[in-house]
Each structure stands twice: as structure tokens, then as C-alpha cells.
Amino acid sequence: MLALPTLLLSLDMSVLHLAVPHLAADLRPSSTELLWIIDVYGFMIAGFLVTMGTLGDRVGRRKLLMIGGAAFGLASIVAACATSPEMLIAARAVLGIAGATLMPSTLALISNMFQDAKQRGTAIAVWMSCFMGGMVIGPVLGGVLLEHFQWGSVFLMAVPVMVLLLATAPKLLPEYRDAAAGRLDLASVVLSLGAILPFVYALKEIAKDGVSVVTLVVLAVGVAVGVVFVRRQRALADPMLDLGLFRVRAFSAAASIMLVGALTMGGVFLLVSQYLQMVAGLSAAEAGLRLVPQAGAVVVGSMIAPRLARRWRPEFVLGFGMLIAAGGIVLFTQADGPGGVAFVVVGMSIAGFGMGPQGVLCTEMVVNSVPPQRAGAASAMSETSAEFGIAMGIAVFGSIGTAVYRDRISVPAGVPADAAALATDSMAGALQASNALPATLADEVLTTARDSFTSGLHTVAWIGAALVVVFAVAGMIALRGSRPETAAEPTPVLQNS
């Protein structure tokens with residue numbers, strides 16, 4: 001039962017990347033709007049995860065899970081019927097808020113239902129594998145849907161899953177809440193969003209138009225609000241974000257590693273999925289099939305991680321896995337235009353296998369570092385690191401890839417001004433522009449566009465691999481000899497109905 005929401009979230013995340021060319025052709029978003037469509041979901045999840053984690057501790061984790069599931073299903077229907085980029089961005093934002101209720105609720109329920117450390121580790125591995133299983137199913141199922149139906153069909157997959165969750169959760173899941181939890185601080189909720197969203201907006205605008213006074217002011221506002229948010233959390237008797245958790249070495253190190261791993265894989269996956277379709281010319285179904293080995297490798301890496309961690313120290317299993325992942329990412333730099341599919345597929349599979357232990361072991365470290373009463377907040381902060389990392393990866397690496405593309409592309413002489421503007425904006429724009437050009441000129445535009453996009457992929461791969469290596473080494477050092485440092489706290493209220 002707890003696997004359903006995680007399976008759903010990964011499905012929704014993976015199939016959208018495949019749908020990008022289709023919705024880009026239909027809705028014709030700008031490059032900035034396209035990035036918002038892709039990652040506003042992740043940023044809203046990141047912005048609301050801590051809020052929903054602490055809210056679940058107060059109102060009940062099963063209740064919050066069901067409320068979020070219902071909202072997610074309804075928002076999915078709206079997203080499927082979107083008729084403009086703005087409508088789809090808004091629907092994706094609501095999906096993100098609803099999705100923020102699902103991950104911390106399921107992980108917190110696992111931490112409460114499985115008190116034995118070994119059983120809890122196995123449960124978390126299964127939970128993470130189900131999340132990655134959605135990555136396996138998503139590209140295949142999404143590819144089939146995109147071959148036969150409009151892009152909106154990928155969102156409708158969420159509806160039957162949510163119906164099943166709402167029908168079975170009251171009978172199969174117990175209810176947990178913290179009787180000693182205080183009131184939710186609404187000012188902290190507003191401040192957390194006020195810190196995250198201006199930062200994201202400034203980043204996207206800088207990538208699109210360069211540095212300006214407006215973007216610098218917006219960025220400064222985000223930083224200032226973030227400082228106010230941190231100070232408020234320190235002053236509150238019952239803060240929304242318990243900054244004291246970061247004094248636990250295992251918690252802070254694991255959360256940081258999850259952030260960097262998710263940032264790298266989220267950004268790289270975006271460019272790889274677009275490369276397979278826009279550069280290599282594969283259909284959505286063909287691209288989905290080529291992403292299956294990577295997702296399957298992640299599942300294998302996730303499932304064997306607990307066994308390896310019982311034989312060797314967890315931090316070494318984690319660190320060496322990340323080094324393997326970095327090697328896989330480096331293979332992307334060998335992809336040369338449309339003929340580099342093999343390097344990309346093998347590289348993604350190696351990277352997925354190496355990153356598999358990270359999700360399981362870091363999540364287990366976070367959950368084990370706090371008492372059960374704080375599981376909701378800790379789980380939310382853990383998922384915030386992962387979701388915010390994915391969203392930041394899409395924004396940062398997507399912006400880097402776009403910047404390299406625009407710097408490298410050289411539109412041939414004779415291309416009309418409007419088509420040239422489309423081609424220099426993004427790879428999706430180049431594909432649109434080529435449809436209205438003579439065959440010879442269209443081939444020239446697509447050749448330079450594909451080469452430019454591939455250069456962006458190479459740049460992102462080198463940066464991502466370097467980040468992973470640095471944090472692999474730092475993580476092994478920071479986590480060496482760390483142990484959970486928890487304190488006894490009151491027993492939570494357990495309700496079986």
C-alpha cells in the first residue's frame with residue numbers, strides 16, 4: 001500500500017520528460033516556460049515537504065496521505081486537459097503541493113510500523129525500489145501512451161492509482177500522529193516559499209537573458225527571506241523546520257549527499273531523455289525502452305545496498321557506489337551527435353546502479369538518526385533534499401545546457417528571422433523551425449542544433465561527474481564512525497482505525 005504513492009510520483013516524473021517534445025509542439029512554450037512546466041512540480045514539492053511532514057505529525061499521517069492523494073488525482077485531470085503553457089504550469093504546481101503530502105507520509109509510516117532496525121532497512125529498500133520501479137514502468141508505459149494518445153494521457157495514469165489508494169488505505173494503514181505536536185506556523189510556510197521560489201525564478205531568468213538588476217534584486221529577496229526563515233525557526237518553541245536535526249552528523253551528511261545525487265541525476269536525466277528523442281531521433285516508445293536498463297540498474301543497486309552495508313561499512317558502500325556513478329556519467333561525454341545512443345544507455349545504467357545505494361542508505365541514516373515521534377519532520381526533510389535536488393538539477397543543468405546550446409549554435413544564412421529565433425532558443429525550437437524550411441536548409445539547422453545540444457550534454461556530464469566525486473569522498477569522511485544520536489521522546493498516538 002505504501003508503495004502506491006511512491007510508484008505514482010516516479011511515474012509522473014519520468015513520463016513527463018518523454019512528453020516534452022509532444023507538449024512543446026502542441027502548446028509551443030518558450031524555453032523558460034518549458035523549464036517551469038518540468039520543474040515547478042519538483043520545486044513546489046520541495047517548498048511544501050517540510051510543511052506537510054510536520055502537518056502529518058499533527059493531523060495524522062494516514063489522513064494527510066489520503067487528502068493529498070485525492071488532490072493529486074484531481075490536479076492530474078486538469079493537467080491532462082491543459083490548453084496553454086500557463087494552465088499546465090499552474091496544474092503542475094498544484095500537483096507538487098499535493099505530491100508533497102505523499103512521500104513524507106509514506107516514509108514516516110514505515111518508520112513507525114517497522115521498529116526493528118533490520119526490518120526497517122529492508123522496508124525502506126523495498127519502498128525505494130518501488131519508487132525506482134516506477135522509473136522502469138514510466139518510460140515504457142509513457143512511450144506506448146504517447147505513441148497512441150495525446151501527451152495529456154501521461155497525467156491520467158495517476159487517477160486509477162489514487163482511486164485505489166483512497167479505497168484501500170483506511171483498511172490497510174494504521175493512523176499515526178504526535179499528540180505533543182504544536183501548532184503549524186503559517187508564517188514559516190510563507191517564508192519557506194518566499195525563500196525558494198525567488199531563487200528559482202532568478203536562476204531561470206539569468207539563464208535566459210543573462211544577469212540584470214531585476215534578477216539580482218529578486219535573488220537578494222530570496223536570500224533575505226531565507227535568513228528571516230532560519231532566524232524564525234531558531235526562535236520558535238515548536239519550529240516547522242527543526243534545525244537541531246542538522247547537528248546530528250549522520251542526518252546532515254546524508255541529507256547533503258541526497259541533495260547532490262538528486263541534483264546530478266535529475267539534471268542529467270532531463271538532457272538524456274531529450275537527447276534520445278531530439279538528437280537521436282527516437283520515438284517516445286523507443287526512448288522509453290532505452291531508459292529501462294538504467295531504471296532496472298537502480299532497482300538492483302537499491303535492493304543489494306542493505307546486504308552490502310551489513311558486510312561493509314555503509315559509508316564505504318555509499319561512497320564507492322557514487323564513484324561508480326560518476327564513471328557512468330563521464331561516458332555521456334563520448335556521445336557524438338545522433339550516434340551516441342549506446343554510450344548514453346550504458347552510462348545511464350552504470351550511473352543508476354551506482355546511485356541505487358545512495359537513496360536507500362541515506363534515507364535509512366536519516367530515519368534512524370531521529371526518534372519515531374520526529375519521523376514525519378525528518379522524512380520530510382530527507383525528501384526535501386531529494387526533491388529539491390531533482391528540481392535544482394533540472395533548473396541548473398537545464399540552464400547550463402541551454403546556455404551552451406545558445407553559445408554554440410550557428411544558424412545558416414538564408415533562414416528567416418522568426419525561424420532563426422526559434423532555432424537559437426532551444427532544441428525543441430529548432431525542430432519546430434525545421435518543419436517550415438526547405439529540406440536542405442532544414443538539415444543544416446538540425447545538424448548545428450544537434451551538435452550544440454550534444455555539447456551542452458557533455459558540459460553537464462563533466463560538471464555532474466565532478467560533483468558526485470567530490471561528495472562521494474566527502475561523504476565517506478563525514479559519515480565515518482557516525483551513529484544515530486537520538487533522545488527519548490513521548491510516545492506518539494497510534495490509532496488503528
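As the structure is a prediction and not an experimental result, all values here were calculated from the model.
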I need the minimum non-hydrogen distance between [X] and [Y], along with the two atoms involved.
X: Ala461; Y: Ile329; result: O-CG2, 3.3 Å
X: Leu88; Y: Leu27; result: CD2-CD1, 3.9 Å
X: Phe397; Y: Ile463; result: CE2-CG2, 3.7 Å
X: Leu437; Y: Pro416; result: CD2-CD, 3.7 Å
X: Ile257; Y: Met322; result: CG2-SD, 3.6 Å
X: Ala98; Y: Ala71; result: CB-CB, 3.8 Å

Looking at Gln150, I want to see if its CD is surrounded by more than 12 non-hydrogen atoms of other residues, nucleotides or ligands under 6.0 Å.
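Not buried by this count: 12 neighbours or fewer within 6.0 Å.
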I'd like to know whether Phe149 forms a side chain to side chain contact (heavy atoms under 4.5 Å, CB included) with Leu156, so could you lay out the CA-CA distance, the side-chain angles of the two residues, the decisive distance to 0.1 Å, and finally the verdict.
CA-CA 11 Å; Phe149 303 99; Leu156 295 179; over 6 Å; no
Is a side-chain N or O of [X] found less than 3.5 angstrom from the main chain of [Y], in a donor-acceptor match?
X: Thr101; Y: Ile97; answer: no
X: Thr264; Y: Gly261; answer: no
X: Tyr275; Y: Gly340; answer: yes
X: Thr448; Y: Val445; answer: no
X: Arg406; Y: Asp425; answer: yes

Side chains of [X] and [Y], heavy atoms from C-beta outward: is any pair under 4.5 Å?
X: Thr424; Y: Tyr405; value: no
X: Glu33; Y: Glu86; value: yes
X: His22; Y: Val154; value: no
X: Met162; Y: Leu74; value: no
X: Arg408; Y: Asp451; value: no
X: Leu34; Y: Leu23; value: yes

For Val40, run the side-chain contact (heavy atoms from CB on, under 4.5 Å) check against Ile89, Val94, Leu95 and tell me which one passes.
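When side-chain contact (heavy atoms from CB on, under 4.5 Å) is applied between Val40 and each of Ile89, Val94, Leu95, only Ile89 qualifies.
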Once you round to the nearest 0.5 Å, how far does [atom1] of [X] lie from [atom2] of [Y]?
X: Ile400; Y: Leu457; atom1: CD1; atom2: CG; answer: 12.0 Å
X: Leu282; Y: Arg290; atom1: CG; atom2: CZ; answer: 5.0 Å
X: Leu259; Y: Phe471; atom1: CG; atom2: CZ; answer: 7.5 Å
X: Phe453; Y: Thr402; atom1: CZ; atom2: OG1; answer: 8.0 Å
X: Ser426; Y: Gln432; atom1: OG; atom2: CD; answer: 7.0 Å
X: Leu361; Y: Met258; atom1: CG; atom2: CE; answer: 10.5 Å

Is there a side chain to side chain contact (heavy atoms under 4.5 Å, CB included) between Met427 and Gln274? Walk through the geometry before answering.
CA-CA 9 Å; Met427 185 69 216; Gln274 292 181 354; 5.9 Å; no
Side chain to side chain contact (heavy atoms under 4.5 Å, CB included) for Met355 and Val468? Distances and angles first, verdict last.
CA-CA 10 Å; Met355 283 295 186; Val468 172; 3.7 Å; yes
Criterion side chain to side chain contact (heavy atoms under 4.5 Å, CB included) on Phe229 and Ser188, from CA distance to verdict:
CA-CA 6 Å; Phe229 172 78; Ser188 293; 4.1 Å; yes
Of all residues at least two apart in sequence or in a different chain, which pass the side-chain hydrogen bond (donor to acceptor under 3.5 Å, both in side chains) check with Thr447?
none
